[in-house]
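Letters go in sequence order (proteins before strands), and every chain restarts at 1.
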Amino acid sequence: MSALAANVSALCRPRPAGRNILTLAHRELREATRSKRFILYSVAFAALGLAVSLVSASVGGGSGLAGFGRTTAGLINIVLLVVPLMALSAGAGAIASDRERGMLAYLLAQPVSRLEVLLGKYLGQAGALAASIALGLGSCAVILAWKGAATSPSSVAWLAGLSLALALGMLSLGMLVSVLSRKVSVAVGIAVFLWLALVFISDLGLMAGAVALRLRIEELFALSLLNPLQVFKMWSLHAAEATLDVLGPAGLYATEEYGQRLHLIFGACMLAWIVVPLAAAGAVFSRRSPT
Amino acid sequence: MRHRAHSFLLVVAAAAPAALGQGVEHTPPPTPAIAAATEVGPLGRRLAAARSGDVIEVGPGIYRERLRIGKPVTLVARPGAVLDGGGTTDIVEITAPGVTLRGFTIRNTGINLDRENAGIRVLAPRATIEDNVLEDILFGIDLREAPDSIVRRNTIGGKALDIARRGDGLRLWRSDRTVVEGNVIHNGRDAIVWYSKGVVVRGNVARQSRYGLHLMFSDGVTITDNEFTGNSVGIYLMYSTGVRIEGNRLLRNRGPSGYGIGLKETDQYSVRDNLIAGNRAGVYIDGSPFTDRMPGEFTGNTIACNDAGMIFLPSARGNELTGNNFIDNIDQVTVAGRGSLEANRFWKGDRGNYWSDYTGYDRNGDGIGDFVHESQTLFENLMEREPSLRLFLFSPAQQAVEFVGRALPAVRPEPKFTDEVPLMRPVPITAGGAGTGHATGRLAAGGAGLLALAGIVLAFGRSGVPREGVTS
């Protein structure tokens, strides 16, 4: 707490905006990486990833079949499950917890703009998420290498980068929830609901729609681009295999229709998920009372 | 027959002075002498002077001529002997029975698909084509009505053309009892065996082609110990009877309709001890076996990590699978469209198969699972009905659907097939390892890099307040 006070008093002198953001980000990173939540999620993510890696590395014993295994697909699955939850709840707690503790009013009484506070918190949380992802996937890569699995290094690198992009998008969404909520419990509740919606409900709905409405594959592909989790999944597969044919007719359609332009399409979707909720959060935050 | 007349003309041409050669058909278009192969060059003249049964040794050098071998001789190239087609024509044409061609480098045919420009064309029986290297050719070795021939240890590399403009690396047409052994074929269109009985295809490698091996109307063919990697289709059998496919490696054949092994209206076949991995579909069965004289036999194969292990068309009946490994295919066995697998058997007597998704256990330790293996996952069932749902593979929603399918008997699909005596352990893989390239050093370095990154962020996060903050 004393560190925080010293930290905040550092803001008292007029300084360029970037400095303030960095100081706030540093503070946020400290808090985030010391929280139980961070440790819990990091350990869970790493453990699940390691389990998948070990199982897929042992396919077919020592026959070299592991190279054909679906390590990347298994890791994608884990990322889809854990990273959005991690990032959404991190974002949801970021502003609301300070507000609940009365810290937000204190912070905003310092000569910093609200946007600086928001961005500082965003950066700090993003750093913690990056550490968590790097820790999990890094240990998976080491284990896979040790087990002699022929997973390509570049696909792991892509997976790490895209996981971070997904985390940033979900963090933006979580921050939006956070600036809108008065209480942490409410914010986290909404975040968990959003996680459910993105991970399960939207996909199941789209599946039902595809069957019931007999959606054409181009419509199905376009609709799936609305879900950042699907974008992450398709982008990771595309980066690893250079084709989406494993995803059946819709994947083949996307590969043949767009080819390498898929990178641009997926990138634009992901960027929108990062920028739009964060901008909305900024707009709301600048008008709201800090208490 | 056109070929007979042709070969007669060729014999005459080979014996006649060079000028007479102009009368033979397939005269190459007039092109600059530097690039084009001449009709009769130094090798042609030596051939003309040779007698049947002679062994002609060819020294190193680049021979830019079309070689027409119209008498039973043996041509042996010393290292460095190159036959160059100049990019316009066929190169070697064999019209006499019993010719041997050994050790040449043959390169640079024309690219005329209508004329089927070939590196080596054989139009007579009992040819032996061995240890040649064919590079940059449209068609590689083309046997037409050349029974009892041997094609051995040649390397055949196609032209860097779009697949539709390439020719076949190897083609056997009406060439019974030919042995194709130890060849390497890459970047071709297809390797074809059509209308040829009793052919043996052994120990060859086909890569980056369309059909690794395409068999049609060819009975009694044996296909053993070959490797088919990265083609659109590995082995495709049509309308053939009595084919043995044993000990082959079929890896990563992933065309839009790519299969490791495809069987269309094929009869009395046995598929044994093959390694079938990483293909879009491991085995595809359409209307096979064609009659009920013998069950289609699948034994000892390892079918692993394919998008679909086996695809049966609803018409497929009478296949018997015992002692195979089904490992980590996204769909282990599927029926295309809405059919049933009832007419095929997935166990016999006390011998079933190994299924990596088997969930039972073996209490008495006899190596056979105590519970029946039933394939009935809801998501797989949905994908068969609605293939576009594959888009949701690898997502948690897929697992949710499967969980619902397990939890609620009301929505559980009928089992597609049952294996009453599933194996607890995989059968040994005999077709050699999958031999995938390893980059574990770089992978480890990448992982260490990520860990270091995490360490830096954490260290920074836990470091004290910036100095300037404390002092101010």
Side-chain angles (χ1 to χ4, degrees), chain A residues 3 6-7 9-10 13 23 26 29-30 33 59-60 63-65 67-70 73 76-77 80-81 127-128 130-131 134-135 137-142 144-146 148 150-153 156-157 160 199-200 203-204 207 210-211 217 220-221 224 229-230 233 245-252, chain B residues 251-252 254 256 275 277-278 280 302 304-305 307 325 327-328 330 356 382-383 385-397 399-401 426 429 433-451 453-454 457-458 460-462 464-466 468-470 472:
Chain A
N7 203 335
S9 70
R13 286 192 315 180
T23 310
H26 190 213
L29 183 63
R30 275 167 68 84
T33 53
V59 166
S63 61
L65 279 179
F68 294 92
R70 310 208 169 267
I76 286 173
N77 206 316
L80 282 175
L81 214 50
L135 204 63
L137 292 179
S139 42
C140 288
V142 169
L144 285 168
W146 173 55
T151 310
S152 92
V156 175
V199 172
F200 294 109
D203 275 7
L204 291 173
M207 274 186 213
V211 176
I217 47 171
L220 188 62
F221 176 68
S224 72
L229 275 66
Q230 283 284 351
K233 184 189 81 181
D245 64 357
V246 70
L247 296 180
L252 260 180
Chain B
L251 312 174
R252 290 199 178 88
R254 301 199 57 92
L275 174 60
R280 200 189 62 88
T302 295
C305 308
D307 290 8
N325 299 322
I327 300 172
D328 271 13
I330 297 179
S356 60
L382 289 174
M383 286 196 298
R385 284 196 253 168
E386 192 63 57
S388 60
L389 291 186
R390 293 190 83 84
L391 185 61
F392 299 97
L393 275 174
F394 314 130
S395 70
Q399 279 130 322
V401 169
I429 301 172
T436 49
H438 282 217
T440 52
R442 282 173 54 214
L443 186 62
L450 280 174
L451 289 177
L453 190 69
V457 173
L458 290 179
F460 178 68
R462 305 211 159 197
V465 177
E468 54 165 332
V470 178
S472 64

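Taking CD1 of Ile217(A) as the start and OG of Ser224(A) as the end, the distance is 11.5 Å to the nearest 0.5 Å. Taking CG of Leu144(A) as the start and OG1 of Thr440(B) as the end, the distance is 10.5 Å to the nearest 0.5 Å. Here the CG atom belonging to Asn77(A) is positioned 4.0 Å from the CD atom belonging to Gln399(B), to the nearest 0.5 angstrom. For the atom pair CG (Leu389(B)) and CG (Leu247(A)), the distance works out to 12.0 Å, reported to the nearest 0.5 Å.
The nearest pair of heavy atoms linking Leu451(B) to Val142(A) is CD1-CG2, 4.0 Å. The two residues Asp245(A) and Asp307(B) have their closest heavy-atom pair at O-OD2, 4.5 Å.
In this structure, chain A has a heavy atom under 4.5 Å from the side chain of Thr302(B), while its backbone stays farther away. In this structure, the portion of Ala160(A) lying under 4.5 Å from any heavy atom of chain B is its side chain and not its backbone. Heavy atoms of Arg254(B) lying under 4.5 Å from chain A belong to its backbone as well as its side chain. Both the backbone and the side chain of Thr33(A) come within contact range of chain B, with heavy atoms under 4.5 Å apart. Contacts of Pro387(B) with chain A are made by both backbone and side-chain atoms, with heavy-atom separations under 4.5 Å.
For Leu204(A), the side-chain contact (heavy atoms from CB on, under 4.5 Å) test picks out Phe200(A), Met207(A), Ala397(B), Val401(B), with sequence neighbours left out.
Heavy-atom pairs under 4.5 Å with chain A were tallied for Gly446(B), Ala304(B), Ser388(B); the largest tally goes to Ser388(B). Comparing Leu81(A), Leu220(A), Leu252(A) by heavy-atom pairs within less than 4.5 Å of chain B, the highest count is held by Leu220(A). Listed options Met383(B), Arg280(B), Arg385(B), Glu386(B) were ranked by heavy-atom pairs under 4.5 angstrom with chain A; first place goes to Glu386(B). Between chain B and the residues Ala73(A), Ala131(A), Gly138(A), the largest count of heavy-atom pairs under 4.5 Å involves Gly138(A). Looking only at heavy-atom pairs under 4.5 Å with chain A, the residue among Ser395(B), Ala400(B), Ser356(B), Gly449(B) that has the most is Ser395(B). Between chain A and the options Pro396(B), Gly278(B), Ala445(B), heavy-atom pairs under 4.5 Å are most frequent for Pro396(B).
Contact check for Phe394(B) versus Leu80(A): no side-chain heavy atoms found under the 4.5 Å cut-off.
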